[in-house]
Amino acid sequence: MMTSKQRAYLKGLAMNIDPIFQIGKASLTPEVTKAIEEALEARELIKISVLKSCLDDSRWIGEALADRTRSQLVQVIGHKIILYRPARDEAKRKILLP
């Protein structure tokens, strides 16, 4: 579990990044989940945009993605989801939490 200080730190970092995925009316497919998993391994912190054509709730999508990718849900605000997962290899970690 993340502390509120760590969550605030990650939110601050996420403000400066653009969404790298868009989830549309197909919602969560295995292909989207796999692509997000690979992006988390490469970047650690990603932002996802949920399009208005998606019928599923953004909060539900965020929680489902966090569960499926073994990452942590940092924030869901409007149609934006922020996920964080530290790199498995300590040497490759880019983000060091306070």
Worksheet, complete the sentence: Looking only at heavy atoms, the pair that brings A14 and I82 closest together is CB-CD1, 3.6 Å

Response to the item:
Looking only at heavy atoms, the pair that brings G62 and I81 closest together is N-CD1, 3.7 Å

Discussion item. Run the side-chain contact (heavy atoms from CB on, under 4.5 Å) test against T29 and tell me which residues pass, sequence neighbours left out.
Written reply: A26, E31, V32

Worksheet item: Sequence neighbours excluded, which residues qualify as side-chain contact (heavy atoms from CB on, under 4.5 Å) partners of Q6?
Response: M2, T3, L97, P98

Discussion item. Looking at I17, I'd like to know if its CD1 atom is crowded, meaning that more than 12 non-hydrogen atoms belonging to other residues, nucleotides or ligands lie closer than 6.0 Å.
Written reply: yes

Item to complete: Determine whether I48 and I61 make a side-chain contact, defined as any pair of heavy atoms from C-beta on separated by less than 4.5 Å.
Response: no

Worksheet item: Is L83 close to V74 at the side-chain level, that is, under 4.5 Å between some pair of heavy atoms?
Response: no

Pairs of donor and acceptor atoms involving the side chains of residues 36-44, under 3.5 Å and at least two apart or interchain, shall be tabulated with distances.
from, atom 1, to, atom 2, distance (Å)
E37, OE2, R70, NH2, 3.1
E37, OE2, R85, NH1, 3.0
E38, OE2, K34, NZ, 2.8
E41, OE1, R85, NH2, 3.2
E41, OE1, R88, NH1, 3.1
E44, OE1, K94, N, 2.8
E44, OE1, I95, N, 3.0
E44, OE2, A87, N, 2.9

Quick one: do [X] and [Y] end up in the same hydrophobic cluster if we chain Ile, Leu, Val, Met, Phe, Trp and Tyr together by side-chain heavy atoms under 4.5 Å apart?
| X | Y | value |
| --- | --- | --- |
| V76 | Y84 | no |
| V50 | I20 | yes |
| F21 | L28 | yes |

Discussion item. Does anything in residues 1-19 form a salt bridge (charged side-chain N to carboxylate O under 4.0 Å, His left out)? List the pairs, not counting sequence neighbours.
Written reply: none

Item to complete: Look at the side chain of K80 and the backbone N and O of K47, then say whether any donor-acceptor pair between them is shorter than 3.5 Å.
Response: no

Item to complete: Could you note down all residue pairs passing side-chain hydrogen bond (donor to acceptor under 3.5 Å, both in side chains) where residues 52-65 supplies at least one of them, sequence neighbours left out?
Response: S27-D56

